[in-house]
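Working notes, beginning with the structure itself.
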Amino acid sequence: MAKATKAKMGGSVRRQGRRVMPALRRSTQRMKPSKKKTGPLTVGELIAAAFDTAGGEIAEVLKVVTSPQLSKALGLRIVVVS
C-alpha cells in the first residue's frame, strides 16, 4: 500500500498516509427517558424525594414533581389534581 519515494540523498523513504478522523455526532439531539437501573419507583418515593429537595414546602414540591425535567427523566408526565 505504501510506496517508496526518492529522498534528497538518493535513498528511498517510505510514505505513510493518515486517515481522516470521523466527525463527532451530536449527542444532544433528543433526550431519551433514562433506563431504570433498580426496581420500580413509586409515586410516594417521588413525592418523598421532592419534599427532601424542596425543604418541605408544598408549593415547591408541586413545582418539582410537575417539572418538565422530571417528566423527561422518568419518561412519564405527572399531573397533580387538587
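Side chains included, hydrogens not; waters and symmetry mates left out as well; all remaining heavy atoms used.
Put simply, the side chain of V65 does not reach to within 4.5 Å of the side chain of V43, judged on heavy atoms.
Formation of a donor-acceptor pair under 3.5 Å by the E45 side chain with backbone atoms of T42 is found in this model.
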Inset, instruction - Run the numbers on L74 and L46 for side chain to side chain contact (heavy atoms under 4.5 Å, CB included), then give the verdict. - result: CA-CA 10 Å; L74 293 175; L46 284 174; 3.7 Å; yes
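Hydrophobic clustering (ILVMFWY, side-chain heavy atoms < 4.5 Å, transitive): I78 and L62 are in one cluster.
With sequence neighbours excluded, the residues satisfying side chain to side chain contact (heavy atoms under 4.5 Å, CB included) with V79 are R77, V81.
Residues T53 and A50 come closest through the heavy atom pair OG1-O, 3.0 Å.
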